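Not measured: the values here are computed from a predicted model. Just so you know, these numbers use all the heavy atoms, side chains as well, and skip hydrogens, waters and symmetry mates.
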Amino acid sequence: MTDSVASLAAPANATPIARSPGYWSNVVRRLRRDPVALAAGALILALIVMAILAPWISPADPFQASMLKRLRPIGTEGYPLGADELGRDMLSRLMLGARLSLFMGIVPVIAAFVVGSAIGILAGYAGGWTNTLIMRVVDVFYAFPSVLLAIALSGTLGAGIFNAILSLTIVFVPQIVRVAESVTTQVRRSDYVDAARASGAAPLTIVRAHVLSNVLGPIFVYSTSLISVSMILASGLSFLGLGVRPPEPEWGLMLNTLRTAIYTQPWVAALPGVMIFITSMSFNLLSDGLRSAMEVKE
Amino acid sequence: MNGFIDARPPAHPDLGGPAQPLLSVRGLVKHFPLKRDFLSRRGGGAVRAVDGVDFDVKKGETLGVVGESGCGKSTTARLVMQLIGQDRGELVFDGVAVGSRALALREFRRQTQMVFQDSYSSLNPRMTIEDSIAFGPRVHGSRAGEAITAARSLLGRVGLDAQRFAGRYPHELSGGQRQRVNIARALALNPRLVILDEAVSALDKSVEAQVLNLLLDLKDDFGLTYMFISHDLNVVRYISDRVMVMYLGQVVELGPVDQVFDAPRHPYTQALLRSMPSTEPGVRTETAPLSGDPPNPIDPPSGCRFHTRCAQARAACAREAPVMTQNDGHAVRCLMHQPDSGYAASGALS
């Protein structure tokens, strides 16, 4: 037996096996043909690079206030995007603010993706009472509008970045659980899962080998569409004083502190909002592109 | 065997000798409870999908299972495979009760495999062909290289060039090719019993014939036993040694294929066979041999379950439930064939 296996292995190596590109390389190939998704992706990448390098590439000190140079318009000498209500350089503050804004857009979604996928896949694969129990609890959270829930949780937990991230995560977990549960239930009913069960595989092995590869994609796409929501909610929390505290720059908070200047310097006051708009739009477009690249029926 | 090298896990030894049935099914019952209506408090009944099924599968035979859709064929297959649990009844595999300490479910599953009807949905779309085939052996402890080698030689054995197909994904294959892959996957664990649940029903006629012949070859080469479920009577006649006819969750006739097809005893089997289109232009079936749909399996008819559609039914048929009566290896569940029944003395069905 052993000899025959060895002798078979040799010719099998000699003539190579024709390999098809895997699913993900097909997704990447389709994504590369989508100019809108590519542009959005490039913009997001640029924003992330800008955020990381902000302390080194920003033209001025974002915390350096000057009473004499308050609320300068866009294009002022030394202040390319104007100055805020305390005379701090807007460009530098927007660059540094990208850090916290992106952070608070992405981190809650990643955390909710991990937690929500685990709970949703458990509910979907176990079915029965486990499913009913989990999904009814999720429904309770679902009953509240997400803005209200985020504010209520943040308000209860107290202001601060960590609490804001925690409350945003709690807001997103039920939504991801729902998606994860529905795709997992679909996969669990398929014949290939039955065939795997018939081969004697343990539930955990089946989840790892057959379920994850088929459900993580759709859950991931849904999660990316939540990033923009998360950014906007985080900005909202900061605007209300429940997220980032001054003087730390964050787009939502900057929008708040500049709102008094809306009649004197409307363009400067709108800049943080423009950034939030561009960023969340880019995430949505990328998510849409990803969805259409992954939804091709094969 | 045209250069086929068997690198699969070794087969389980025969335990009880050739005379002992490979699989004995006794008193198998599966009722699917209906969801109770929350507001009106109706319901509480159950779909009696499989309602007291007994049969044996002999070593080395092909047992054909036929019946209308909804008669419990597929549920029986899934119960035998233990994909769903039975409410009552037991399975005895080569003399050992399935699920007992002597034959754990995991070991039973290594000896019994199944091929499903839908060739596409029974393969994981994210897995290459060879990984799908190698999955079972890997679960049972084969090393990765060994399992892949075995998978590739099995691909060759089911008529697919391993060089061309091993690294492909299911959507790149045709229906017939995919069903060959499914057969290879079922054989990868070196099973003794293979359940073919409408395995060729979705294929084109020409491909169907090829796959049927492949199944016959594989059966001889690997000493397999088949349970072949189909609604296609011609195919069942071609491939089976014995035939089991099911109606509304029960076995109504079970016997050697030629006896059942040439001299059917149960009126339902007779009607089923009359429903096959004739191959002679002069002999045509002018009237439908069976009228109406099968009765509701939630509330099956009293007495003989077939009496509502049976041309020969008498009053006794609505009262007395027939039992399986065996006569030279050919069993039938009908009062006409039951010596002590009240059929002969009974008046017409009201």
Side-chain angles (χ1 to χ4, degrees), chain A residues 1-27 127-128 132 136 183 186-218 294-298, chain B residues 3 5-7 10 78 81-84 104-110 112-132 135-140 145-146 148-150 152-153 161-172 182 185-186 188-189 195 197:
Chain A
M1 185 63 121
T2 337
D3 287 357
S4 61
V5 172
S7 65
L8 190 86
N13 290 343
T15 27
I17 298 277
R19 296 226 165 260
S20 299
Y23 172 75
W24 287 105
S25 60
N26 279 331
V27 169
T132 311
R136 288 300 86 77
V183 288
Q186 225 174 0
V187 166
R188 186 182 67 118
R189 292 195 185 127
S190 65
D191 286 344
Y192 60 83
V193 168
D194 273 345
R197 287 174 58 210
S199 72
L204 221 72
T205 315
I206 296 175
V207 168
R208 199 160 36 80
H210 293 285
V211 176
L212 284 187
S213 56
N214 284 288
V215 302
L216 283 186
M294 287 172 68
E295 265 182 1
V296 173
K297 274 270 165 265
E298 292 171 323
Chain B
I5 296 159
D6 203 342
R78 299 172 80 80
M81 197 67 246
Q82 291 285 291
L83 289 172
I84 48 177
L105 195 55
R106 198 174 134 91
E107 272 312 301
F108 167 70
R109 281 177 164 163
R110 190 154 117 37
T112 308
Q113 283 291 297
M114 184 159 170
V115 178
F116 299 85
Q117 172 171 12
D118 186 341
S119 66
Y120 187 63
S121 84
S122 51
L123 289 170
N124 184 344
R126 302 274 185 278
M127 256 192 196
T128 58
I129 301 304
E130 62 180 8
D131 286 340
S132 277
F135 179 75
R138 296 276 292 129
V139 164
H140 285 271
E146 235 169 74
I148 292 291
T149 309
R152 287 179 189 168
S153 62
D161 180 8
Q163 257 81 47
R164 257 184 76 199
F165 291 104
R168 301 277 179 216
Y169 288 88
H171 69 269
E172 299 172 289
N182 283 318
R185 194 238 324 255
L189 285 167
I195 301 168
D197 185 6

(request) Output the option from B:Thr112, B:Asn182, B:Leu123 having the highest count of non-hydrogen pairs under 4.5 Å with chain A. (result)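 Looking at each option in turn, the highest pair count goes to B:Leu123.
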(message) Out of B:Asp161, B:Asn124, B:Asp118, return the one with the most heavy atom pairs under 4.5 angstrom to chain A.
(response)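 The candidate making the most pairs under 4.5 Å is B:Asn124.
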Residue part contacting chain A, namely of [X], when any heavy atom lies under 4.5 Å:
X: B:Glu107; result: neither
X: B:Met127; result: side chain
X: B:Arg138; result: neither
X: B:Tyr169; result: both
X: B:Arg164; result: backbone

(message) If you define the side chain from C-beta out and look only at heavy atoms, does anything of B:Arg126 sit under 4.5 Å from A:His210?
(response)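 They are not in side-chain contact.
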(request) Check A:Trp24 against A:Met294 and note the closest heavy-atom contact, atom names and distance. (result)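 Scanning both residues, the minimum pair turns out to be CH2-CE, 3.5 Å.
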(message) Nearest 0.5 angstrom please: A:Arg189 CZ to B:Ser121 OG, how far?
(response)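 Nearest 0.5 Å value for the CZ-OG distance: 13.5 Å.
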(request) Look at the side chain of A:Arg197 and the backbone N and O of B:Leu83, then say whether any donor-acceptor pair between them is shorter than 3.5 Å. (result)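 A pair under 3.5 Å: yes.
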(request) Identify the residue among A:Leu204, A:Val187, A:Leu216 that makes a side-chain contact (heavy atoms from CB on, under 4.5 Å) with A:Val211. (result)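 Running side-chain contact (heavy atoms from CB on, under 4.5 Å) over A:Leu204, A:Val187, A:Leu216 with A:Val211 returns exactly one hit, A:Val187.
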(message) Around atom CZ of B:Arg106, are there more than 12 heavy atoms from other residues, nucleotides or ligands closer than 6.0 Å?
(response)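 Count over threshold, so yes.
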